[in-house]
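The block underneath contains the structure these notes are about, expressed in structure tokens.
Order of appearance sets the numbers: ligands from 1, and atoms from 1 within every ligand.
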Amino acid sequence: MPSWRKGKHIGYCLNDKKKKKLNFQGFEDLCRKRGYEVTEIDLAKPLCEQGPFDVIIHKLSDLILESSYDSQSHQLIRDFQTYVETYSSIILLDPFPAVRLLLDRFESYRLLQDFQKQDSCIFSPPYVELNSGTGREAAARIREQGLTFPLICKTRVAHGPSSHEMALIFNEEGLGAVSAPCLLQSFVNHDAVLFKVFVVGSSHFVVRRPSLKNFPRGESARRSIFFNSHSVSKPESCSRLTELDEATLESPPPSDNVVCRAVRGLRSALGLSLFGVDLIVEKQTGRCAVIDVNAFPGYEGVPEFFSALLNHIETLLESYEQAARARVLVAEYSLHQRAPQVDSAPESTHGTDPRAPWMANSLETPKSAPAESGFFTFAVLPAVLSRH
Ligand SMILES: Nc1ncnc2c1ncn2[C@@H]1O[C@H](COP(=O)(O)OP(=O)(O)OP(=O)(O)O)[C@@H](O)[C@H]1O
Ligand SMILES: O=P(O)(O)O[C@H]1[C@H](OP(=O)(O)O)[C@@H](OP(=O)(O)O)[C@@H](O)[C@@H](O)[C@@H]1OP(=O)(O)O
Ligand SMILES: [Mg+2]
Ligand SMILES: [Mg+2]
């Protein structure tokens, strides 16, 4: 067994629905088979009695959201965060600030707008944010921004049952029913096919799903359509809204190159390991649009999920161990350099030690490297450097 695996402890914290849906017991079994200790974390008990942990996997989205208005949840999240900060060697999948960003569509769509400026391989449909106000104000904002109907209305909160309630709006009158805070996004015709990209560390998997059918562009007299996103884009979804009115050829998926660039860019911008990106291909132009980003999605249709997750964890553990070893070497080296020279190598040897420049550079990389330079620079090395 490699040294970085020895005695390692993985904790996880998922609600019953998530555990059941993922059949998470299968992951526990896989981890134990490879020699890991695995513990389901009980948030009602002090974390320090359940650890120490090397890795913690969680989907605490419910609790993070509740923590903004419920004092008990607030305390639980604070305790969790304090624990993880105190034991900075813990690899947390995923960090709270990045998860929090995805719980708020205003935040995540702003990030997508910025992202499309850097890489035009994808676009994010234009939208307006509505914090408050009436339909009339919404109409004014839409005209101001030059958005055209149809529009899709999404709640600001991106997680939880009510966050999946949406509306398709075809005219100004329909705006009367929107309730803020929400956003109104341009509807993009895409032949009723959605591509879900499920990301696990440096791997990703593309799964085809049903999606909303095409609608004529421009304002029309049609009544608004209210729907739940889970009734249109789940593998088993069977809705009139996903039945195309016209016969079309099966849409090809976006190119590997586009998907890879989008995933790499978003992973780096978000600093997340476990997330999903919903892509659609615009019918008129063939351009690829990102319409949704989800923290720790369902991975349905990805039989390799557990092995990919464990491989990712092992990659992180191994690089943490390597970085820790490098730090020890650096510390030893500098001690050695400061120590009085007695009878060891001649002084000049220290100055020309080939390890020295490499180690100095490697330690400076995280501070100077741009965030786009990849997941390891963004998410792993800073944590590695603060580990010991
Ligand atoms: N801008 C758009 N243009 C066309 N169709 C869209 C657009 N945005 C969303 N859709 C359709 O609406 C569905 C739900 O939208 P979205 O993915 O934003 O909702 P969600 O509730 O966050 O989904 P999830 O369950 O993946 O978190 C999509 O699967 C797609 O069919
Ligand atoms: O479990 P499911 O398969 O329904 O997973 C869904 C997940 O529900 P969860 O709460 O159980 O994780 C949803 O989370 P919340 O938005 O509600 O946070 C969201 O991420 C969907 O995108 C996932 O559907 P998918 O995109 O994978 O099809
Ligand atoms: Mg979605
Ligand atoms: Mg979503």
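Compare R105, H159, K154 by their heavy atoms: the one nearest to atom 9 (C) of ligand 1 is in K154.
Not a single heavy atom of R209 sits closer than 4.0 Å to an atom of ligand 1. For M166, the heavy-atom gap to ligand 1 drops under 4.0 angstrom. In this structure, A192 does not count as a contact residue of ligand 1, since none of its heavy atoms falls inside 4.0 Å of the ligand.
Considering both main-chain and side-chain atoms, S186 comes within under 3.5 Å of ligand 1 through a nitrogen or oxygen pair. Annotation: V188 places an N or O atom under 3.5 Å from an N or O atom of ligand 1; distance criterion only.
If you number the atoms of ligand 1 from 1 as listed, the ones under 4.0 Å from a heavy atom of K196 come out as 26 (O). When each atom of ligand 1 is checked for a heavy atom of L194 under 4.0 Å away, the hits are 29 (O). Near H164, meaning under 4.0 Å from one of its heavy atoms, ligand 1 places the atoms 20 (P), 21 (O), 25 (O), 27 (O). Those atoms of ligand 1 that come under 4.0 Å of a heavy atom in D278, given as number and element, are 17 (O), 26 (O). Those atoms of ligand 1 that come under 4.0 Å of a heavy atom in S229, given as number and element, are 14 (C), 19 (O), 20 (P), 21 (O), 23 (O). Near S211, meaning under 4.0 Å from one of its heavy atoms, ligand 1 places the atoms 30 (C), 31 (O).
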TODO: Would you check, one step at a time, whether the test side chain to side chain contact (heavy atoms under 4.5 Å, CB included) holds for L184 with R141?
DONE: CA-CA 10 Å; L184 293 159; R141 296 285 310 285; over 6 Å; no
What verdict does the side chain to side chain contact (heavy atoms under 4.5 Å, CB included) test give for M166 and F226, after you've listed the backbone C-alpha separation in whole Å, the side-chain angles of each residue and the deciding distance to 0.1 Å? CA-CA 6 Å; M166 313 207 158; F226 297 87; over 6 Å; no
Determine, step by step, whether D191 and N214 satisfy the side chain to side chain contact (heavy atoms under 4.5 Å, CB included) criterion, reporting the C-alpha distance in whole Å, the side-chain angles of both residues, the deciding distance to 0.1 Å, and the verdict.
-> CA-CA 6 Å; D191 281 345; N214 302 327; 2.8 Å; yes
- Assess whether side chain to side chain contact (heavy atoms under 4.5 Å, CB included) is satisfied between Q50 and K45, documenting all intermediate values. CA-CA 8 Å; Q50 302 174 67; K45 295 186 187 147; 3.6 Å; yes
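For F53 and Y87, the gap between ring centers reaches or exceeds 6.0 Å. Taking the six-membered ring wherever Trp is involved, the centroid distance between the rings of F149 and F170 does not fall below 6.0 Å. Aromatic ring centres of F27 and F24: separated by under 6.0 Å. Residues H159 and F296 place their aromatic rings such that the two centres sit no closer than 6.0 Å. The aromatic ring centres of Y299 and F198 sit less than 6.0 Å apart.
Among residues at least two apart or in separate chains, there is no salt bridge (charged side-chain N to carboxylate O under 4.0 Å, His left out) pair with a member in residues 64-89.
Between the side chains of T39 and H9, a donor-acceptor pair is found at a separation under 3.5 Å.
Both the backbone and the side chain of L212 come within contact range of ligand 1, each with a heavy atom under 4.0 Å. At a 4.0 Å heavy-atom cut-off, ligand 1 touches I291 through backbone and side chain alike. When heavy-atom distances to ligand 1 are checked against a 4.0 Å cut-off, S233 comes that close only through its side chain, counted from C-beta outward. At a 4.0 Å heavy-atom cut-off, ligand 1 does not touch P297 at all.
Nearest to the Mg ion (ligand 4), among the N, O or S atoms that D292 has, is OD2. The Mg ion (ligand 3) is closest to atom OD2 of D278 (considering only N, O or S atoms).
The Mg ion (ligand 4) has no N, O or S atom of S229 closer than 2.8 Å.
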Please tabulate, for side-chain N and O atoms in residues 100-111, each donor-acceptor pair with protein atoms closer than 3.5 Å (sequence neighbours left out).
from	atom 1	to	atom 2	distance (Å)
D104	OD1	F106	N	2.9
D104	OD1	R156	NE	3.0
D104	OD2	R156	NE	3.3
D104	OD2	R156	NH2	2.9
R105	NE	T155	O	2.8
R105	NH2	S163	O	2.7
S108	OG	D104	O	3.4
Y109	OH	K154	NZ	3.1
Y109	OH	I291	O	2.7
R110	NE	E129	OE2	2.9
R110	NH2	E129	OE1	3.0
R110	NH2	E129	OE2	3.2

